[in-house]
Asker: 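The structure that follows is given in the form of structure tokens.
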2 protein chains.
Amino acid sequence: MNDTRQFHLLAGQVSDRGARSDEAIYQALWEAIVEHRLSPGARLPEDALSHAFGVSRTTVRRVLQRLALEQLVTLRPNRGAQITSPTPSEARDVFRARRLMEGALLAEVLPRITPADLKALEAIHERETRAEREHAIRLSAEFHSRLVAIADSPSLSEALSQLISRTSLIIAVYGRARAGCPCEHIELIELLRDGALAPVQRWMSAHLTRIEASLDFTASGDALPDFEHLFGHHREQSAS
Amino acid sequence: MNDTRQFHLLAGQVSDRGARSDEAIYQALWEAIVEHRLSPGARLPEDALSHAFGVSRTTVRRVLQRLALEQLVTLRPNRGAQITSPTPSEARDVFRARRLMEGALLAEVLPRITPADLKALEAIHERETRAEREHAIRLSAEFHSRLVAIADSPSLSEALSQLISRTSLIIAVYGRARAGCPCEHIELIELLRDGALAPVQRWMSAHLTRIEASLDFTASGDALPDFEHLFGHHREQSAS
DNA sequence: TGGAAAATGCTTGTATACAATCATCGAGAC
DNA sequence: GTCTCGATGATTGTATACAAGCATTTTCCA
């Protein structure tokens, strides 16, 4: 019943509609997914989204396809889109991939890191500790993204960003307590300041393993989120 | 003048049209790009493609968006799609990313490799040496894809596959002689058989660096490929 | 009363129509 | 003769219409 209002709050964030609204809609959905306001398994009817964002289904569909290629939503033929529920094996794969990539990337990060970078990471960590649960999850992802960005390799940054987003999804399904303890990140900053590669790599691997170990793969994780409360009303009934 | 016929030959490969033609069209375009039958800079008019493949622009557009997200084609607003011409800095980044990822991945490959895997790699190498120039490029990409697949990590395989495809694009623009000497791959197979990690990693890094070093970054690389000869005529004028 | 089959409603898949934007070509003025 | 401005053609961007598919519910029969 009235799916539309569920997404309206989401659409509220979208200011510049009209020209190139794809990016805005993508951002809104991406944040909602990463911040766990949209739970895995949630259905994403094109009609409701198009109405909420004030665009046609064509535009919504394009954004959904992009999210699907990034594995954040699953597109089943004739069944529509829903937030991806990673399987346990997919989850383990993502952590393995992250351990490998982030470990290797740190060797590129360390020689390039500047005091400004450390300051930026500290700032994110600071906000992490203060933020609400939801924002903390996004900020934790932002911390890792920012870290790998120091390596200055667009290809690797993008690949890892996708893995990081998917991690948020995994935590949404299998996470018990909070996601990987943001408090831990301060330890990494100290190690980065020291500048020794091996300890940094060891810490990162352990960090990711700790998060993975904190998961409970027995949970099912099928939920129907409350879209109405999520995105609020973007415009009344509208339409001509 | 009649762009349509340019793509018809491409469409000829697409047998199962109708239900879920996306994958077939994607494959056809992907192969044409990787095999250098479609050169960087080539424009991809939606109308011509839709006519050649016998589908609507909607379907073509979806495939083009996917290729764009994989960085194989570039989508400029109101200007349409064209095969991506990687910049020199993008090219260098791809090689750096590949050195890093493939190097790290080999540590995962080596413990898992089986005699069957070695046989499969040998088979690809065999076909590489016999194939025409065009197919050799695709087979070289396939060799690397197959190699990383042994690590059994879907996430990493997909990420690396994209980098490998982009490498083909880079060679198309900046390559002088043939792409990285397929003959070299036999050396890697021998090293893999030995089973020592360090030499394998060293070889791979050197292999990629050799390919990169063989490039000429002074070339511009703007060309308009002959679509008609490329894809042939898929169906006459058709349409109702 | 329980199960199965059919019908209805809703959602997606595809194609097409119309509007907007850009590139090209031509004409005119300096 | 060259440069600039205007018009025309082609291509893309968006929205909508229609058809096809799935899910649910209702109804009928055992």
Side-chain angles (χ1 to χ4, degrees), chain A residues 1-7 11 14 16-26 29 41-69 73-83 222 224 227 234-235 237-240, chain B residues 1-7 11 14 16-26 29 41-69 73-83 222 224 227 234-235 237-240:
Chain A
M1 339 99 177
N2 202 351
D3 285 326
T4 302
R5 290 183 52 202
Q6 303 177 342
F7 294 100
V14 180
D16 157 55
R17 202 165 64 264
R20 193 156 98 265
S21 50
D22 283 40
E23 196 60 26
I25 297 173
Y26 170 83
L29 282 173
R43 298 193 55 199
L44 269 49
E46 300 175 357
D47 225 8
L49 287 173
S50 69
H51 195 211
F53 286 106
V55 297
S56 76
R57 276 177 51 211
T58 308
T59 304
V60 169
R61 183 175 273 269
R62 193 167 43 237
V63 174
L64 287 177
Q65 200 214 348
R66 176 172 168 193
L67 288 166
L69 289 172
V73 318
T74 301
L75 240 45
R76 288 187 303 173
N78 289 321
R79 305 252 190 111
Q82 55 181 46
I83 309 292
D222 264 338
L224 266 174
F227 291 140
H234 174 248
R235 61 179 186 183
Q237 289 298 347
S238 89
S240 56
Chain B
M1 350 81 183
N2 202 349
D3 284 327
T4 301
R5 289 183 52 203
Q6 303 176 340
F7 294 100
V14 179
D16 157 55
R17 202 164 65 264
R20 192 157 99 265
S21 48
D22 283 41
E23 197 59 27
I25 298 174
Y26 170 82
L29 282 173
R43 299 193 54 201
L44 270 47
E46 299 175 357
D47 224 8
L49 288 173
S50 69
H51 196 212
F53 285 105
V55 296
S56 77
R57 276 179 50 211
T58 309
T59 305
V60 169
R61 181 176 274 269
R62 193 168 40 238
V63 173
L64 288 177
Q65 198 212 352
R66 176 172 169 192
L67 289 166
L69 288 172
V73 317
T74 301
L75 241 45
R76 287 187 305 173
N78 290 319
R79 305 251 189 111
Q82 55 183 45
I83 309 291
D222 264 339
L224 267 174
F227 291 140
H234 174 248
R235 61 180 186 184
Q237 289 299 349
S238 92
S240 55

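These numbers were taken from a predicted model, which means no experiment stands behind them. In what follows, chains are A, B, ... by sequence order, proteins preceding strands, each numbered from 1.
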Asker: If I take atom CZ in residue B/Arg57 and atom P in nucleotide C/dC18, what distance separates them, rounded to the nearest angstrom?
Answerer: 14 Å

Asker: Taking atom P of D/dT12 as reference, at what distance in whole Å does atom CD of B/Gln82 sit?
Answerer: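 Those two atoms, CD and P, are 11 Å apart.
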
Asker: In whole angstrom, what separates A/Asp47's CG from D/dA15's P?
Answerer: 13 Å

Asker: Which pair of non-hydrogen atoms, one from A/Ser50 and one from A/Arg57, has the smallest distance, and what is that distance?
Answerer: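 Nearest heavy atoms, A/Ser50 then A/Arg57: CB-N, 3.8 Å.
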
Asker: Does anything in residues 59-66 of chain A come within less than 4.0 Å of DNA chain D? Heavy atoms only, and list the residues if so.
Answerer: A/Thr59, A/Arg62

Asker: CD of B/Glu46 to OG1 of B/Thr58: how many Å apart, nearest 0.5 Å?
Answerer: 9.0 Å

Asker: For nucleotides 20-23 of chain C, which of its nitrogen or oxygen atoms have a protein nitrogen or oxygen under 3.5 Å away, and what is each distance?
Answerer:
residue: C/dT21; atom: O3'; partner: B/Asn78; partner atom: ND2; Å: 3.3
residue: C/dC22; atom: O3'; partner: B/Arg79; partner atom: NE; Å: 3.4
residue: C/dA23; atom: OP1; partner: B/Arg79; partner atom: NE; Å: 2.7
residue: C/dA23; atom: OP1; partner: B/Arg79; partner atom: NH1; Å: 3.4

Asker: Would you mind reporting whether B/Leu29 and B/Leu49 have side-chain heavy atoms less than 4.5 Å apart?
Answerer: yes

Asker: Please report the distance, rounded to the nearest Å, between CG in B/Leu49 and C1' in D/dT12.
Answerer: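 Distance check: B/Leu49 CG to D/dT12 C1' gives 13 Å.
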
Asker: Working to the nearest 0.5 Å, report the span between CG of B/Asn78 and CG of B/Leu75.
Answerer: 11.0 Å

Asker: Ignoring hydrogens, what is the shortest heavy-atom contact between B/Leu67 and B/Tyr26? Give both atom names and the distance.
Answerer: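 Reported closest heavy-atom pair: CD2-CE1, 3.4 Å.
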
Asker: Calculate the interatomic distance between A/Leu75 atom CG and C/dG13 atom C1'; express it in whole Å.
Answerer: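 These atoms are roughly 11 Å apart.
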
Asker: Any chance you could lay out the side-chain contact (heavy atoms from CB on, under 4.5 Å) test for B/Arg61 and B/Leu64, step after step, and finish with the verdict?
Answerer: CA-CA 5 Å; B/Arg61 181 176 274 269; B/Leu64 288 177; 5.6 Å; no

Asker: Please compare B/Thr58 and B/Glu46 by the position of their nearest nucleotide in DNA chain D and report the one closer to 5'.
Answerer: B/Glu46

Asker: What distance separates A/Gln65 CD from B/Gln65 CD, expressed to the nearest 0.5 Å?
Answerer: 4.5 Å

Asker: Looking at every non-hydrogen atom in both residues, tell me the closest pair between A/Arg66 and A/Glu23 and how far apart they are.
Answerer: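 Distance-wise, the nearest heavy atoms are NH1-OE1, 3.3 Å.
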
